[in-house]
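Take a look at the structure below.
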Protein chains: 2
Amino acid sequence: MLVPPKTSCLNIPEIEKLLRSNKVQPSAQRIAICRYVLCEADHPTVEDVKSWADKNFPRMSLATVYNTLNLLANVGLVRQLRFPHLDKAVFDANMEPHHHLIDDESGRIIDVPIDAVNVETNISKTYDIHETSIIFNGTRK
Amino acid sequence: MLVPPKTSCLNIPEIEKLLRSNKVQPSAQRIAICRYVLCEADHPTVEDVKSWADKNFPRMSLATVYNTLNLLANVGLVRQLRFPHLDKAVFDANMEPHHHLIDDESGRIIDVPIDAVNVETNISKTYDIHETSIIFNGTRK
DNA sequence: TTACCTGCAAACTCTTTGCACCGCA
DNA sequence: TGCGGTGCAAAGAGTTTGCAGGTAA
């Protein structure tokens, strides 16, 4: 139930195709970042991506990391999230609608499928609600 | 139902008492900021408080605004919030548990009483949930 | 060749901090 | 008088931007 619907790992040609189909020129840097963010990483920060790049991709600048992540967010391949307990943005490759659970012990951010939650509210009488995002804070039992 | 449970307007002696009871020395600057944040303002940013101070309180520095708001947050008179669509922190004087509705047309943040919402989730089988915070995005019907 | 992607550095915004001054208890 | 609150400026973190050079189509 809490298993995140992780994007299955893509190989390089698949990533190239994915980028092209989103009208993004597949440069080496962009493919590398996609491999990490779409497959390997779990709610990475910019810093996480940069650290990974420093180890796995020679001489990638921080600006490129920012530019690429923003680009991926703009075309809808990732989503930028901000949580109250974090001062920096994190990126989420799970583009399905879902909620989040913060494990207060580990700090980990865990995806919660939309159908694991049921929300009813009477504010929908007054407002058209387009989006409902829930952050649970908890600890493992 | 959507009327925010606004802190009723306090006069200066009441604010002094409130500060003292929270072990905060009631300086002129702190009282002024409290008057604005607790009574007049609605989810103000630091910038909002600073602008207000520039008009209503002579020569208050930005550092004092930050220090005071952080102090008020630490003693539990206000809460610091971060929303995904805003890059800066906002402060909420409503200390009752509640959720938030972002009016996507005006950008306004509206308090939603806790009992206007009912949430059920099966993740509570695996996790002890201490807190549930919901952000609705919507537009007025 | 040309378009555009990257790296670098500087700039920008938000926030915190160090320090000297000042005022109130 | 002394503690502590304030103002100022500088520093710090995260992020964006401008520009020159390079790379791939």
Side-chain angles (χ1 to χ4, degrees), chain A residues 12-13 15-17 19-20 22-37 43-54 56-75 77-91, chain B residues 12-13 15-17 19-20 22-37 43-54 56-75 77-91:
Chain A
I12 292 180
I15 291 175
E16 281 200 47
K17 200 157 84 176
L19 288 174
R20 279 190 219 281
N22 282 280
K23 314 245 183 293
V24 174
Q25 198 69 239
S27 73
Q29 288 85 343
R30 289 171 180 174
I31 292 171
I33 288 179
C34 278
R35 284 184 71 180
Y36 178 64
V37 172
H43 300 97
T45 62
V46 169
E47 196 188 354
D48 292 332
V49 178
K50 181 65 166 75
S51 305
W52 178 88
D54 286 343
N56 297 276
F57 196 101
R59 299 177 53 74
M60 191 187 300
S61 79
L62 184 57
T64 295
V65 174
Y66 272 103
N67 289 340
T68 301
L69 287 172
N70 287 342
L71 180 64
L72 296 179
N74 286 338
V75 301
L77 284 172
V78 302
R79 193 186 312 200
Q80 180 175 316
L81 302 176
R82 262 168 213 281
F83 292 97
H85 69 303
L86 289 177
D87 43 352
K88 33 190 159 182
V90 307
F91 289 84
Chain B
I12 292 179
I15 291 175
E16 280 198 49
K17 202 157 82 176
L19 288 174
R20 279 190 220 280
N22 283 280
K23 313 244 184 295
V24 174
Q25 197 70 239
S27 71
Q29 290 86 342
R30 289 171 180 175
I31 292 170
I33 288 178
C34 278
R35 283 184 71 180
Y36 178 64
V37 172
H43 301 97
T45 62
V46 169
E47 197 189 354
D48 292 333
V49 179
K50 181 65 167 74
S51 306
W52 177 89
D54 287 342
N56 297 276
F57 196 101
R59 299 177 53 73
M60 191 188 299
S61 78
L62 184 58
T64 295
V65 175
Y66 272 103
N67 290 339
T68 302
L69 288 172
N70 287 341
L71 180 63
L72 296 179
N74 286 338
V75 301
L77 284 172
V78 302
R79 192 186 311 199
Q80 180 176 317
L81 302 176
R82 265 169 212 281
F83 292 97
H85 70 302
L86 289 176
D87 44 351
K88 32 191 160 182
V90 307
F91 289 84

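Just so it is clear: chains get the letters A, B, ... in the order the sequence lines come, proteins before strands, and each one is counted from 1. All values below come from the heavy atoms of this structure, side chains included, with hydrogens, waters and symmetry mates left out.
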Please list, chain by chain and in numerical order, all residues satisfying side-chain hydrogen bond (donor to acceptor under 3.5 Å, both in side chains) with A:Glu47, sequence neighbours excluded. A:Lys88
Round to a whole Å and report the spacing from OH of B:Tyr66 to C1' of D:dG12. 13 Å
Value in whole Å for how far the P atom of D:dT17 lies from CG of A:Leu71: 14 Å
Who passes ring pair (Phe, Tyr, Trp, His ring centres under 6.0 Å) against A:Tyr36, sequence neighbours left out? A:Trp52
Assert: residue with more 5' nearest nucleotide on DNA chain C, out of B:Arg20 and B:Lys88, is B:Lys88
Residues two or more places apart in sequence or in another chain: which of them pass side-chain contact (heavy atoms from CB on, under 4.5 Å) with A:Asn74? none
Throw together a table of side-chain donor-acceptor distances under 3.5 angstrom for residues 61-69 of chain B, partners on residues two or more places apart or in other chains.
unit_1: B:Ser61; atom_1: OG; unit_2: B:Ala63; atom_2: N; d: 3.4
unit_1: B:Ser61; atom_1: OG; unit_2: B:Thr64; atom_2: N; d: 3.1
unit_1: B:Ser61; atom_1: OG; unit_2: B:Thr64; atom_2: OG1; d: 3.2
unit_1: B:Asn67; atom_1: ND2; unit_2: B:Ala63; atom_2: O; d: 3.2
unit_1: B:Thr68; atom_1: OG1; unit_2: B:Thr64; atom_2: O; d: 2.7

For B:Leu71, the side-chain contact (heavy atoms from CB on, under 4.5 Å) test, sequence neighbours excluded, returns B:Val24, B:Arg30
Going by the rule salt bridge (Lys or Arg N to Asp or Glu O under 4.0 Å), which residues pair with B:Arg20 if we only count those two or more places apart in sequence or in a different chain? B:Glu16
Set of side-chain hydrogen bond (donor to acceptor under 3.5 Å, both in side chains) partners for A:Arg79, sequence neighbours left out: none
Distances under 3.5 Å between protein N/O atoms and the N/O atoms of nucleotides 2-9 of chain D, please, pair by pair.
unit_1: D:dG5; atom_1: O5'; unit_2: B:Arg30; atom_2: NH1; d: 3.3
unit_1: D:dG5; atom_1: O5'; unit_2: B:Arg30; atom_2: NH2; d: 3.0
unit_1: D:dG5; atom_1: O3'; unit_2: B:Ser27; atom_2: OG; d: 3.4
unit_1: D:dT6; atom_1: OP1; unit_2: B:Ser27; atom_2: OG; d: 2.5
unit_1: D:dT6; atom_1: OP1; unit_2: B:Gln29; atom_2: OE1; d: 3.4
unit_1: D:dT6; atom_1: O3'; unit_2: B:Gln29; atom_2: NE2; d: 3.0
unit_1: D:dG7; atom_1: OP1; unit_2: B:Arg59; atom_2: O; d: 2.4
unit_1: D:dG7; atom_1: OP2; unit_2: B:Ser61; atom_2: N; d: 3.1
unit_1: D:dG7; atom_1: OP2; unit_2: B:Thr64; atom_2: OG1; d: 2.4
unit_1: D:dC8; atom_1: OP1; unit_2: B:Arg59; atom_2: NH2; d: 2.8

Tell me, do A:Leu77 and A:Val37 make a side-chain contact under 4.5 Å, heavy atoms counted? no
Results of side-chain hydrogen bond (donor to acceptor under 3.5 Å, both in side chains) for A:Asp48 - residues two or more places apart only: A:Thr45
Steps toward side chain to side chain contact (heavy atoms under 4.5 Å, CB included) verdict (A:Ile33, A:Met60): CA-CA 10 Å; A:Ile33 288 179; A:Met60 191 187 300; 3.6 Å; yes
Using whole Å, report how far CD1 of A:Ile31 lies from C1' of D:dT23. 14 Å
Under a 4.0 Å heavy-atom criterion, DNA chain C is touched by chain A from C:dC5 to C:dA9
At 10 degrees resolution, what angle do the end axes of the helix from C:dT1-D:dA25 to C:dA25-D:dT1 form when each is taken over five base pairs? 20°
D:dG14 C1' sits how many Å from A:Leu86 CG, rounded? 13 Å
Suppose we screen for side-chain hydrogen bond (donor to acceptor under 3.5 Å, both in side chains). Which residues come up paired with A:Lys17, at least two apart in sequence or across chains? none
